[in-house]
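To start, the structure under review is shown below, and the notes come after it.
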Amino acid sequence: MFGSVVVGIGIAGCVRMRDLLAPLPSSAAENLIIKGFVSRRSLEDQQGVKQISMTEALNMEDIQVAFICTENKNHEEHIRQFLEAGKHVCVEYPMTLSHTSAVELWDLAQQKGLVLHEEHIELFTPDFKQLKKDIAGKILEEGTLHFTGGPMKPDFGFLAFSGIARLTWLTELFGELTVTAGSLVDDKEKKYTKMTAHFLTQQQKPLTWIEERGPGLGRAKHMNFRFLDCTITELPAGQREPVGLFMQDMVLFGRKLLGEVPVVELHTEKRRILHCLELADRIRQLSENTQA
């Protein structure tokens with residue numbers, strides 16, 4: 001059994017506690033048991049789980065795993081603290097707000113023989129799984145993915161990092177990408193931001209990613225992927241699954257802790273995650289040079 005602590009109890013942290021308390025039967029998640037939660041606020045017990053201090057979480061011998069569910073800007077510090085303390089880490093995306101620091105943390109985890117896992121529940125959604133099946137074998141000519149949502153809090157980082165789920169989608173669907181341009185509109189008074197990034201696929205086909213946030217903008221994905229034989233403009237309706245997204249992720253993390261995930265699969269996942277963070281860094285650099 002792996003004693004676990006949840007750090008941060010916003011929406012994700014509360015879901016993590018729920019799943020730790022009722023893991024999927026006969027799965028690797030059953031090997032995780034919650035020992036407490038950490039919050040910067042002083043709180044009553046949550047779901048029957050007691051609050052402990054960060055110092056206790058780092059030093060308790062019966063805690064071997066940390067679930068990091070704090071604001072994006074705090075991920076790097078918390079990951080480093082727990083890795084240095086000899087604990088395995090599961091962190092909500094993005095792992096960090098820079099590619100360089102992510103490489104450093106992964107190297108640290110490898111040196112200490114620990115599992116560092118970045119959650120990407122967007123890859124477990126039925127709609128995405130169906131979309132990936134639908135375009136398998138198709139040749140992309142050009143594409144656009146436009147995400148809209150409400151204003152983003154400042155401690156969640158630059159849009160290319162806070163919205164890295166969309167970037168992960170694009171790389172999962174079309175392979176590794178090259179950034180050719182990036183721009184940003186940032187109206188702080190109106191709490192409106194819009195980032196536009198342009199890519200080329202390995203087949204030299206153009207892709208555009210737009211991340212737009214502001215008051216009144218509904219949370220939605222708009223897409224237009226043109227292939228040789230068809231154009232996809234809407235997400236397909238995938239078949240709903242009985243296991244929740246966070247639980248699917250927890251099972252994967254549990255399998256990593258048990259050494260059940262093939263090395264080649266771990267390598268592929270690490271390469272994808274670091275590639276996306278490197279792309280996000282490049283988009284930020286280009287956008288800062290062209291900010292409107």
Side-chain angles (χ1 to χ4, degrees), residues 1-21 23 28-43 45-120 155-157 161 246 249-261 263 266-267 269-270 273-274 277:
M1 299 296 290
F2 295 88
S4 307
V5 62
V6 174
V7 183
I9 55 165
I11 295 174
C14 288
V15 173
R16 288 297 190 190
M17 281 202 291
R18 180 200 69 191
D19 288 351
L20 284 164
L21 290 166
E30 284 194 313
N31 291 279
L32 293 156
I33 181 169
I34 189 163
K35 296 291 185 176
F37 71 88
V38 174
S39 175
R40 59 177 174 263
R41 299 169 288 164
S42 295
L43 299 170
D45 292 2
Q46 301 289 309
Q47 302 179 53
V49 179
K50 293 187 177 299
Q51 182 171 7
I52 61 176
S53 69
M54 178 63 84
T55 300
E56 289 174 309
L58 292 168
N59 294 322
M60 287 172 62
E61 292 186 1
D62 60 346
I63 290 179
Q64 296 87 31
V65 171
F67 287 86
I68 308 299
C69 308
T70 55
E71 293 86 351
N72 296 348
K73 69 173 185 178
N74 297 323
H75 287 179
E76 179 181 349
E77 178 187 0
H78 289 148
I79 293 170
R80 195 179 303 276
Q81 286 178 304
F82 280 101
L83 290 179
E84 292 285 7
K87 319 289 188 184
H88 304 285
V89 174
C90 171
V91 61
E92 309 303 315
Y93 70 74
M95 179 184 300
T96 68
L97 297 178
S98 86
H99 172 259
T100 300
S101 60
V103 172
E104 292 174 356
L105 291 173
W106 226 305
D107 288 346
L108 177 60
Q110 187 172 4
Q111 291 166 15
K112 289 183 168 288
L114 298 168
V115 173
L116 175 54
H117 171 79
E118 184 185 43
E119 162 270 314
H120 276 287
D155 49 7
F156 277 68
F161 288 93
F246 279 95
D249 180 72
M250 189 175 290
V251 170
L252 174 58
F253 180 48
R255 290 180 59 229
K256 289 181 181 181
L257 293 172
L258 296 173
E260 295 178 355
V261 179
V263 173
L266 293 172
H267 176 75
E269 182 186 59
K270 176 182 176 181
I273 290 170
L274 290 179
L277 289 169

### Task
Considering only NZ, NE, NH1 and NH2 on the basic side and carboxylate oxygens on the acidic side, decide whether R16 and D249 come within less than 4.0 Å.
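Answer for the salt bridge query: yes.
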### Query
For E104, which residues count as a salt bridge (Lys or Arg N to Asp or Glu O under 4.0 Å) partner, sequence neighbours excluded?
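E104: salt bridge (Lys or Arg N to Asp or Glu O under 4.0 Å) contacts with R80.
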Once rounded to the nearest 0.5 Å, what's the spacing between atom [atom1] of [X] and atom [atom2] of [Y]?
| X | Y | atom1 | atom2 | value |
| --- | --- | --- | --- | --- |
| E84 | L108 | CD | CG | 5.0 Å |
| L277 | T100 | CG | OG1 | 10.0 Å |
| N72 | L97 | CG | CG | 6.0 Å |
| T70 | I9 | OG1 | CD1 | 12.5 Å |
| K256 | L116 | NZ | CG | 8.5 Å |

Output all residues satisfying ring pair (Phe, Tyr, Trp, His ring centres under 6.0 Å) with [X], sequence neighbours left out; order by chain, then residue number.
| X | answer |
| --- | --- |
| H120 | Y93 |
| H117 | F253 |
| F246 | none |

### Query
Which residue pairs pass the side-chain hydrogen bond (donor to acceptor under 3.5 Å, both in side chains) test when at least one of the two sits in residues 54-66, sequence neighbours left out?
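Counting only pairs at least two positions apart or across chains, the side-chain hydrogen bond (donor to acceptor under 3.5 Å, both in side chains) contacts touching residues 54-66 are S53-E56.
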Work out which heavy atom in [X] is nearest to a heavy atom in [Y]; give both atom names and the distance.
| X | Y | result |
| --- | --- | --- |
| C69 | G8 | CB-O, 3.6 Å |
| L83 | L105 | CD1-O, 3.5 Å |
| L43 | F37 | CD1-CE1, 4.1 Å |
| A28 | G254 | CB-C, 3.5 Å |
| A102 | L274 | CB-CD2, 3.9 Å |
| I63 | K87 | O-NZ, 2.6 Å |

Under 3.5 Å: donor-acceptor pair, side chain of [X], backbone of [Y]:
| X | Y | result |
| --- | --- | --- |
| E118 | M95 | yes |
| Q47 | C14 | yes |
| T96 | P94 | no |
| H78 | V7 | no |
| H88 | V115 | yes |
| Q51 | R41 | yes |

Side chain to side chain donor-acceptor pair (under 3.5 Å) against [X], all qualifying residues, sequence neighbours excluded:
| X | result |
| --- | --- |
| Q46 | none |
| R40 | E71 |
| E119 | none |
| S39 | none |

#### Entry: Set of residues satisfying side chain to side chain contact (heavy atoms under 4.5 Å, CB included) with respect to K50, sequence neighbours excluded
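Side chain to side chain contact (heavy atoms under 4.5 Å, CB included) check on K50 returns D45.
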### Query
Can you pull the salt bridge (charged side-chain N to carboxylate O under 4.0 Å, His left out) pairs that have at least one residue in residues 3-14, sequence neighbours excluded?
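Sorted pair list comes back empty.
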### Query
Pairs in or reaching into residues 1-14: which pass salt bridge (charged side-chain N to carboxylate O under 4.0 Å, His left out), with residues at least two apart or in two chains?
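Every candidate salt bridge (charged side-chain N to carboxylate O under 4.0 Å, His left out) pair involving residues 1-14 fails, so no pair, neighbours aside, qualifies.
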### Query
Are any non-hydrogen side-chain atoms of M1 and L32 less than 4.5 angstrom apart?
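No - every pair of side-chain heavy atoms lies 4.5 Å or more apart.
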